[in-house]
Amino acid sequence: LVIIVAVLLVVVIKDNETNQLEKSFLTRCEAFEGYNCEEIWIIFKNAFVQKDPCKVPMEAYDLLFTAVPTKPSCNRMMFWTKTKDFVHDFTGKKDCFVTLENMMLGSVLDGLTWCGKENSDEIFTSGCPGWTDCENNAVRSFWNKASTEFADAACGDVSAMLNGSIATPYAPTSIFASIEVKRFTSPRVRSLTVVLVTEEKDVTNCTNASLKNLQNDLDKGIKYSCKEVAESQLQECSNNPEKPCGTCW
Ligand code: APR
């Protein structure tokens, strides 16, 4: 009897994990208009269920992004690296930039963890491989694909918020450097403005060596500029509804 109860308990707990992910997915998806969320959920889960969680390539999410194409908004696209909380605080208050995490799928899956298991229909939300545990893990491959689509959709004047408090704001292993920057092409993308978010005693500025690499990685027709902007100035700007976006930097 003890064994039966234990088995049932495990089944119920695992079932809850599936339900929890599905619930979060549907609730967040339904906040966006014009999507068949039930259908999108099934396409999403088919990308990784029944698979070794370390063997989910980016291409597994191709169908998902065919069903939910990334909608470009020229001149308003905001990229970022090592500034996650800061950039989303900013874009959440100022309605003039959109990040990947404001797009339907990016918003639905931001902060969530998921994976499957070979020869099983189960969905897990814990015990999944970490970001660097294996290259083709279910979560990382999703973000690589989402970033590919977001960068391919970039157009006009694009912006990127980088972290001026670290020695290498443009790290070659970041998604921004390894996927997104490489996909910006002229004349679709006209310019890239780097907003280097600085704190008072920071040593890193726009002459940073890694930013030279960024300029080298950039398609030649794209106009590059870099602005050092104090974190306090950005906060003041985002907290003040009177200030137009164009005056934040
Ligand atoms: N371990 C765990 N999570 C990681 C790791 C890691 N080693 N590396 C990246 N991540 C996840 C985290 O969720 C982190 O907040 O990716 C997020 C972004 O990582 P960063 O290194 O800060 O930035 P980057 O890799 O450049 O990705 C950000 O890609 O998401 C798109 O459009 C978005 O421009 C943005 C860029």
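Along the sequence shown, residues are numbered consecutively beginning with 1. We count ligands from 1, going down the list as the structure has it; atoms in each ligand are counted the same way.
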Give the ring-plane orientation class for F44 versus W41, where under 30° counts as parallel, over 60° as perpendicular and anything between as tilted.
tilted
Would you mind writing out the side-chain donor-acceptor pairs for residues 86-93 within the sub-3.5 Å range, not counting sequence neighbours?
residue	atom	partner	partner atom	Å
H88	ND1	K84	O	2.9
H88	NE2	T99	OG1	3.2
H88	NE2	E101	OE1	2.9
D89	OD1	K93	NZ	3.3
D89	OD2	K93	NZ	3.3
T91	OG1	V87	O	3.1
K93	NZ	N239	OD1	3.0

Y170 and D217: side chain donor to acceptor below 3.5 Å
yes
L100 and ligand 1 - part of the residue with a heavy-atom distance under 4.0 Å:
side chain
For I175, is at least one N or O under 3.5 Å away from an N or O on ligand 1?
yes
Test item: K82 and S174 side chains (from C-beta on) under 4.5 Å apart, heavy atoms
yes
Ring centers of F48, F124 separated by less than 6.0 Å
no
Does anything in residues 135-187 pair up under disulfide (SG to SG under 2.5 Å), and if so which pairs, sequence neighbours excluded?
C74-C155
State whether a side-chain donor-acceptor pair under 3.5 Å links D157 with S191.
yes
Short version for T132: what comes under 4.0 Å of ligand 1, heavy atoms counted, is side chain
Is the closest heavy atom of W143 to ligand 1 under 4.0 Å?
no
Which residue holds the protein heavy atom closest to atom 33 (C) of ligand 1, what is that atom called, and what is the gap in Å?
E180 OE2, 3.4 Å
Mark up the atoms of ligand 1 that fall under 4.0 Å of a heavy atom belonging to S147, in ascending order.
29 (O), 30 (O), 31 (C)
Atoms of ligand 1 under 4.0 Å from any heavy atom of K84, numbered from 1 in the order shown, are 15 (O)
Select one of side chain, backbone, both or neither to describe which atoms of S174 lie under 4.0 Å from any atom of ligand 1, heavy atoms only.
both
Number the atoms of ligand 1 from 1 as they appear, then name those within less than 4.0 Å of a heavy atom of F176, with their elements.
24 (P), 26 (O)
With respect to atom 19 (O) of ligand 1, which of F79, W80, F150, Y170 exhibits the smallest heavy-atom separation?
W80
Are E228 and T198 close enough that a side-chain donor and a side-chain acceptor fall under 3.5 Å?
no
Ligand 1 to T81, heavy atom cutoff 4.0 Å, flagged ligand atoms 22 (O), 23 (O), 24 (P), 26 (O)
Give a yes/no on ligand 1: does E101 have at least one heavy atom closer than 4.0 angstrom to it?
yes
